[in-house]
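Everything on this sheet refers to the single structure shown next.
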Amino acid sequence: MKQIINTPKFNDQTDGRMKGITYLLLSIMIVMFFVFVLAPGIDNVPRVKPLINFIDEHQIDAGALYYTDIEEFSIAELNMKNTIVYSSRLLSDERALVITDSSKKK
Amino acid sequence: MAEEKENQNQDAEIVIDHGNSKVSDLWKLEDYWTIWLGFLILIVGLIIYLPKGSEEVNKKINESNDILQTESERAPFKTIAWYTALDSKAKLKATSTEIGKEIKKLTGLPKAWSSNPLDAFFKGEEETNRITQSAEEKYRIAKDKESEALVLAQLGEDEASAFNFANEELNIKAVTAIDKWRTAVKKTSVEKKKAEVKPFNQIPYLILLVIILAIFFGIGWKVMGNSIFKFMLGFMFVFTIAVLAYTFANNTTMNHYGLGYPGWAILFGLIISNTIGTPKWVKPAVQTEYFIKTGLVLLGAEILFGKILSIGIPGIFVAWVVTPVVLLTTFWFGQKIIRFPSKTLNMTISAAVSVCGVSAAIATASACRAKKEELTLAVGLSLIFTALMMIFMPSFIKIVGMPYILGGAWMGGTIDATGAVAAAGAFLSDRALYVAATLKMIQNVLIGIIAFCVAIYWVAKVDRKKGQKISLMEIWHRFPKFIIGFILASILFSLIYQHLGNDMAYVVIDHGVIRGLSKSFRGWFFCLAFVSIGLATDFRELKSYFKGGKPLILYIFGQTFNLILTLLMAYIMFYIVFPEITALI
């Protein structure tokens, strides 16, 4: 406490600013390391790679917040709606079950 | 006046209720301004896009529907003509009109990039030519493969048709061939997009957008008795950080892990405020509540109740049973078992786990007046767990040989973020995606009801002093008014949707007012809110919430319970109660 009182205010402010800038630069370096080194490294982990390639190939916005942000949801919704509305024979036909059983084993 | 100022200062931390209501609240209170601003955008959207639902569009819809009807009566599976008619309907979008394209450019985000961040803002002719040349070749190959797949699909369908679709083996063969053709169609569509990259310069549009938004929010700020000049000056800085957040979110590697703009916006804000400090001149524009509530009013228009009824009964049962049960159980666990110190944080995390991650956390935190640090924590936890679940759940489903439809339902009901659900679902199969997307959409719609109930519960129960009786008028005085705008937008757009019918609403609401205008602004407003949260948050305060690791324990408990209950419920609904609907997917 005594030390702080004895230190001129100007130096305190300058030290604080320098400290702040140092931390800022350090933070930027950590972010850059994550974005350009660490995350691309994880991309190459065999367990992760197939999903990563799939997201790239299909250009899916995996960070989307809401269903309206994703084109895939619009397609899925349209498909589901029309499947339910236009499926008179499908619903009355037990053979459809056989088709699904085979498709789920894909 | 001094009292009002004090209230506004407190509002910067949480949304404070006022003991009485005055007519002047309509133009003096931030909550009302968020409603006016949100509705202004929605009305502009309706004026622009509603007239696009012309007779010609209606005629095309009817033609497609006739084919769909005929085909559904002809065969016990979705035929080639059925899918072709569906594709024709899918192409009818009001956003494809000239004005739609111009609005998209104006509200556009920094583009995807991999190694050079400048690629997010600018791409010259030379560069695009180089990209399209290699993409065109891939597009040509994809088109050839699609044609080949179509020939095989047609052959399979003709064979099945020759036996009047009575031969099960031939039906299955036809369905398999049609599925392969659909996959090829999808691939061609992706390659076409890559081959159609055009030169762009996003910077002038971003400059125009920042000016429009600064005036848009600035007017309300001025009427509420503040300096518009100071606000606009600070807004430039907040907007710049928001652009930076979107830029990092659109890095291809970050997209792999679903690390969207909320995380980056908070992180960049936090870095600035906790190192060099948020500049004094920026502070007038650090208005979390102002931005977030306006975004939530716009989000209300995307909560369309009619949708959930038309996209799948089993999904409705799973979402409407599991989601409230997980929400209430997680909240109860937090309060009674681990004795969570903050009810608002407990509710925000419980909503993020049970509903749909960040968007649910935003709506619930605003409804129960959670602190900024609490929302930050819930968003952070949700982003981390989303990335992990998106990677590991599809692998697990494949390893254990779980049916993909069940797997899709499981992921749709449990992975927090909507984008991650799309990625993980599509990675399994198209059918898994359809189910996952349906469930997540129903959960998305549930946000409205949950936010409303939480707001009522907080006003009537949590904020009530011991022994105090609260009248209906008192509830009204304390009720966060923006929730009214949020619910009104939802009811209004649900009614318009219902009135137009699913097909026309798809053209002018889904792919008009919402995707063509309001959702872009909603995204920017949330991003500005998250930047503001970061700029106003002290790391030390954030650290205190981690004490004892309670938020993590709560999240893990909620998510584990969610995983078990969703899987059980999805199995019962999709395979025991409604197998005939599962068969159609």
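Note on naming: letters A, B, ... go to the chains in the order of the sequence lines (proteins, then strands), and numbering restarts at 1 for each one. What you see is a predicted model; the values in this text were computed from it and never measured.
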Query raised in the report: Is a donor on one side and an acceptor on the other found under 3.5 Å between the side chain of N255(B) and the backbone of A62(A)?
Result: yes
Query raised in the report: Where the side chain of Y23(A) meets the backbone of N274(B), is there a donor-acceptor pair that is under 3.5 Å apart?
Result: no
Requested in this report: Under 4.5 Å, counting heavy-atom pairs only, tell me which of R17(A), H58(A), E57(A), K19(A) racks up the most with chain B.
Outcome: E57(A)
Report summary line: Looking only at I70(A), I60(A), L65(A), the option with the highest number of non-hydrogen pairs under 4.5 Å against chain B is L65(A)
Requested in this report: Side chain from CB out, backbone as N, CA, C, O: work out which of these in T22(A) comes under 4.5 Å of a heavy atom of chain B, or both, or neither.
Outcome: neither
Query raised in the report: Where does L51(A) contact chain B at under 4.5 Å (heavy atoms): side chain, backbone, both or neither?
Result: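 Both parts, backbone and side chain.
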Using residues 28-46 of chain A as the side-chain source, report each donor-acceptor pair under 3.5 Å to any protein atom, sequence neighbours left out, with the distance given to one decimal.
unit_1: D43(A); atom_1: OD1; unit_2: H256(B); atom_2: ND1; d: 3.2
unit_1: D43(A); atom_1: OD1; unit_2: Y257(B); atom_2: OH; d: 2.5
unit_1: D43(A); atom_1: OD2; unit_2: H256(B); atom_2: ND1; d: 2.9
unit_1: N44(A); atom_1: OD1; unit_2: K49(A); atom_2: NZ; d: 3.4
unit_1: N44(A); atom_1: ND2; unit_2: P40(A); atom_2: O; d: 3.4

Side-chain contact, heavy-atom cut-off 4.5 Å: [X] with [Y]?
X: K440(B); Y: Y67(A); answer: no
X: Y86(A); Y: N65(B); answer: yes
X: Y66(A); Y: K519(B); answer: no

Report task. Could you tell me the separation between the OG1 atom of T83(A) and the CG atom of L68(B), rounded to the nearest 0.5 Å? Result -> 9.0 Å
Query raised in the report: How far apart are the C-alpha atoms of D510(B) and S74(A), what are their side-chain angles, what is the distance that settles it, and do they pass the side-chain contact (heavy atoms from CB on, under 4.5 Å) test?
Result: CA-CA 8 Å; D510(B) 271 330; S74(A) 170; over 6 Å; no
Requested in this report: For chain A, find which of S395(B), G260(B), A426(B) contributes the most heavy-atom pairs closer than 4.5 angstrom.
Outcome: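 Most pairs with chain A among the choices: A426(B).
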Query raised in the report: Tell me, which pairs form a salt bridge (charged side-chain N to carboxylate O under 4.0 Å, His left out) where one or both residues lie in residues 63-75 of chain A, sequence neighbours left out?
Result: D69(A)-R522(B), E71(A)-K93(B)
